[in-house]
Amino acid sequence: MKRINSIFFALAVLLLITSSVMAQKSKESLTEANIRAVMNEAYEKFKNAPGGANASYIPFLADVDPKLYGIAVCTADGKLYEVGDTKYEFGIESISKVFVLALAMQDHGSKAIEDSIGVNATGMPFNSVLAVELEPARAVNPLVNAGAMATNSFVKAPNSAAKWQKIDDIFAKFAGRRLQVIDKLYQSESATNQHNKAIAWLLYSYGRFYDNVDESVDLYTKGCSYGSSAKDLAVMAGTLANAGRNPITKEEVINPDFCPKILANMITEGLYDSTGDWVYATGLPGKSGVGGGIIAVVPGKLAIAVFAPPLDKAGNSVKGQLAVKYMVEKLGLNLLDGRK
Ligand code: GLN
């Protein structure tokens with residue numbers, strides 16, 4: 001009996017050692033081969049995952065093929081990995097908010113964003129009117145519709161055309177190529193954005209809007225209508241992972257001091273009212289858009305971008321979340337995991 005007990009004990013110790021070695025191993029496994037293998041696994045595993053539906057409140061988005069699916073990874077040292085529909089250009093939507101925020105921060109500094117827009121989580125849907133009413137900051141933060149429209153109004157330029165030029169230029173620097181607005185999406189969104197206009201006017205009434213309301217809402221809507229591919233988004237997010245320098249073109253796009261601030265915004269509000277669930281699972285700053293895109297940033301290491309149109313109730317890509325969560329776990333990318 002004693003002998004059996006000690007055999008069991010030895011086995012248990014062995015099991016503990018191997019599992020901790022395996023856990024250690026998964027943290028050290030950021031090799032090219034592993035990134036590619038895990039990305040391909042995530043692609044296959046969730047290719048036919050059910051659930052979710054295309055956004056339908058913007059008519060153009062309802063008609064995008066829900067089967068499209070692509071994953072792209074861009075490392076901070078400039079390596080790109082792609083699987084699936086990574087070249088398809090879809091509506092960037094709310095992911096644009098991150099890069100307009102970067103521009104406004106570049107214009108005014110990070111303190112001004114905190115003071116004039118706000119940086120706290122709402123815990124509410126991205127287009128919540130209630131959040132504006134309840135929160136003392138009103139605009140709330142740059143990654144919900146209210147704050148994003150206020151952030152567009154905050155961009156420093158003499159007029160709307162000059163603002164758009166600055167937006168277009170910084171997006172081009174983030175992506176490493178000039179993005180094009182999808183005209184049909186822009187029309188579709190402009191014809192149906194009355195709710196956003198109402199929010200913008202409400203902010204104006206509270207003194208939390210910084211330029212012409214209609215023109216600023218138009219800038220926001222146009223920015224949401226950019227066509228971007230999963231590959232573009234991986235490079236744009238990769239620039240944030242690489243402390244503000246585009247990993248492919250090597251150009252410094254934003255002051256490195258601002259990257260942690262932008263990522264902090266993403267970690268508090270990137271997936272709106274389900275950001276808590278997201279951070280609980282990934283420990284990463286992320287950002288989604290109702291076009292089906294999602295980005296996740298691992299500072300100093302890499303960025304992941306996924307495109308798959310069906311969304312959950314909060315407006316986040318279902319497959320996108322599944323794929324990122326899988327890759328984070330397999331590659332040991334959770335920022336909150338202190339194991340070396
Ligand atoms: N353009 C969309 C809107 O204003 C963006 C929303 C989103 O992607 N969450 O509703």
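First listed ligand is number 1; within each ligand, the first listed atom is number 1. It should be emphasised that the depicted structure is a prediction, and the values quoted were computed from it without experimental measurement.
Here the protein heavy atom with the shortest distance to atom 7 (C) of ligand 1 is Ser94 OG, 2.6 Å. Nearest non-hydrogen protein atom to atom 10 (O) of ligand 1 is Tyr57 OH, 2.6 Å. At the shortest separation from atom 1 (N) of ligand 1 among protein heavy atoms lies Glu189 OE2, 2.3 Å. Closest to atom 2 (C) of ligand 1, if we only count protein heavy atoms, is Glu93 OE1, 3.1 Å.
A cation-pi geometry, defined here as NZ or CZ lying under 6.0 Å from the six-membered ring centre and within 45° of its normal, does not hold between Arg36 and Tyr81.
At least one side-chain heavy atom of Ile170 sits less than 4.5 Å from a side-chain heavy atom of Val253.
Taking a cutoff of 4.0 Å between a charged side-chain nitrogen and a carboxylate oxygen, Lys313 and Asp273 do not qualify as a salt bridge. In summary, Lys166 and Asp168 do not engage in a salt bridge, as defined by a charged side-chain N under 4.0 Å from a carboxylate O.
Contact annotation for Asn193 and ligand 1: no heavy atom of the residue comes within less than 4.0 Å of the ligand.
A donor-acceptor contact closer than 3.5 angstrom links the side chains of Asn145 and Asn196. No hydrogens or angles considered: a donor-acceptor pair under 3.5 Å links the side chains of Asp218 and Tyr186.
Ligand-side atoms of ligand 1 in range of Tyr272: 7 (C), 9 (N), range being under 4.0 angstrom from any heavy atom. Shown in contact with Cys224 at under 4.0 Å from a heavy atom are these atoms of ligand 1, numbered in order with element: 1 (N). Atoms of ligand 1 found under 4.0 Å from any heavy atom of Asn145, numbered from 1 in the order shown, are 3 (C), 4 (O), 10 (O). If you number the atoms of ligand 1 from 1 as listed, the ones under 4.0 Å from a heavy atom of Tyr220 come out as 1 (N), 2 (C), 3 (C), 4 (O), 5 (C).
For the pair Gly289 and ligand 1, a heavy-atom separation below 4.0 Å is found. Put simply, no part of Asn127 is less than 4.0 Å from ligand 1, judged by heavy atoms.
Between Phe90 and the choices Phe60, Tyr226, Phe307, the ring pair (Phe, Tyr, Trp, His ring centres under 6.0 Å) rule is met once, by Phe307.
Using cut-offs of 30° and 60° on the angle between ring planes, the pair Phe154 and Tyr210 is tilted.
When only interatomic distances are considered, the shortest N/O to N/O separation between Val290 and ligand 1 falls below 3.5 Å. For ligand 1, the polar-atom distance check against Ser288 finds no nitrogen or oxygen pair separated by under 3.5 Å.
Of all heavy-atom pairs between Ile199 and Ala146, the closest is CG2-CB, 3.5 Å.
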